[in-house]
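Heads up: numbering here begins at 1 and tracks the sequence. Worth knowing before you read on, the calculation uses all heavy atoms, side chains too, and leaves out hydrogens, waters and symmetry mates.
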Amino acid sequence: MTPHTIAPLLIIPVMLFAVYRRVRRNIGAQKLRPRAMKFRIGLLGLALLLLLALATQNLRVAEAVIAGAVLGVALGLFNLRLTKFSTRVDGIYYTPNVFLGVALSVLLLSRLVYRAMVLRQDAMTGPVANSGLPPLNPLTLSMVGLLAGYYIAYYVGILRHPASTSNPAPPLVDNLPPP
């Protein structure tokens with residue numbers, strides 16, 4: 001077995017698990033975890049900055065990343081209006097709109113699969129000595145910017161929402177003496 005056949009066997013299960021977790025995060029009530037959300041905001045912001053730094057040589061790619069991020073912010077703010085909050089004994093929960101989150105995840109996944117197929121075909125038909133990284137694709141990176149902008153805006157909105165800043169209801173305790 002060559003590295004070209006082993007790499008997809010290792011990468012594909014990891015990608016499928018990541019997609020499963022992302023889709024699962026968009027279905028049903030999610031417990032509010034401010035530290036995790038702040039970490040994701042920072043990580044996604046850093047990823048956007050790194051993408052823009054990589055794209056400084058190609059204006060079309062930089063514009064695509066920025067346009068995707070701006071559209072993602074708009075979709076994140078729209079999804080905030082559709083999000084429902086609830087307070088439970090163990091904390092505050094939010095329920096995102098299922099369709100919007102899943103649609104964005106499927107859109108990105110389908111684009112990544114398409115790009116992987118194109119790059120694999122190019123590698124098989126192109127020269128054997130392929131040095132360097134594949135060229136940056138504006139459409140693919142605009143979708144990455146879209147998802148990053150969406151989650152940054154959505155998580156910031158969740159953290160700033162009045163329901164998430166209130167204290168959760170205290171647990172119900174029966175104060176009656178034992179019989």
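L100 is connected to V70 through a chain of hydrophobic side-chain contacts under 4.5 Å among Ile, Leu, Val, Met, Phe, Trp and Tyr, so both are in one cluster. L139 and L54 fall within a single hydrophobic cluster, where Ile, Leu, Val, Met, Phe, Trp and Tyr side chains are chained together by heavy-atom contacts under 4.5 Å. Both I66 and L77 are members of a single hydrophobic cluster when ILVMFWY side chains are connected at heavy-atom separations under 4.5 Å. Connection of F39 to L44 is not established within any shared hydrophobic cluster, with ILVMFWY side chains joined at heavy-atom distances below 4.5 Å, either directly or through further cluster members.
Contact check for S86 versus K84: no side-chain heavy atoms found under the 4.5 Å cut-off. The shortest distance between side-chain heavy atoms of V73 and I152 does not fall below 4.5 Å. For the pair L75/L146, a side-chain contact is recorded, criterion being any heavy-atom separation below 4.5 Å from C-beta on. Looking at heavy atoms from C-beta onward, T140 lies out of side-chain contact with Y114 at the 4.5 angstrom threshold.
Residues V156 and I41 come closest through the heavy atom pair CG2-CD1, 3.6 Å. For the pair P138 and A64, the tightest heavy-atom approach, listed with the atom from each and the gap, is O-CB, 3.2 Å. Here the shortest heavy-atom pairing between I158 and L80 reads N-CD2, 3.7 Å. In plain terms, the two heavy atoms of P96 and N79 that are nearest each other are CB-ND2, 4.2 Å. Smallest separation of non-hydrogen atoms from L48 and A148: CG-CB, 3.8 Å.
Here the CD-CG distance, from E63 to L52, works out to 11.5 Å after rounding to the nearest 0.5 Å. L82 CG to N97 CG: the interatomic distance, rounded to the nearest 0.5 Å, is 5.0 Å. In this structure, CG on L32 lies 10.0 Å from OH on Y93, to the nearest 0.5 angstrom. Distance check, rounded to the nearest 0.5 Å: CD of Q30 to CE of M37 gives 8.5 Å. Rounding to the nearest 0.5 angstrom, the gap separating the NZ atom in K38 from the CZ atom in R33 is 15.0 Å. Remark: Y155 OH to Y150 OH distance equals 8.5 Å, nearest 0.5 Å.
Between H161 and F85, the ring planes are parallel. Angles under 30° get that label, and only those over 60° would be called perpendicular.
If you run side chain to side chain contact (heavy atoms under 4.5 Å, CB included) between M143 and each of L104, L71, L107, only L107 comes through.
Under the 3.5 Å distance criterion, with hydrogens and angles disregarded, a donor-acceptor pair is assigned to the side chains of T83 and Y154.
Remark: side-chain polar atoms of K31 are paired, donor with acceptor, to backbone N or O of D90 under 3.5 angstrom.
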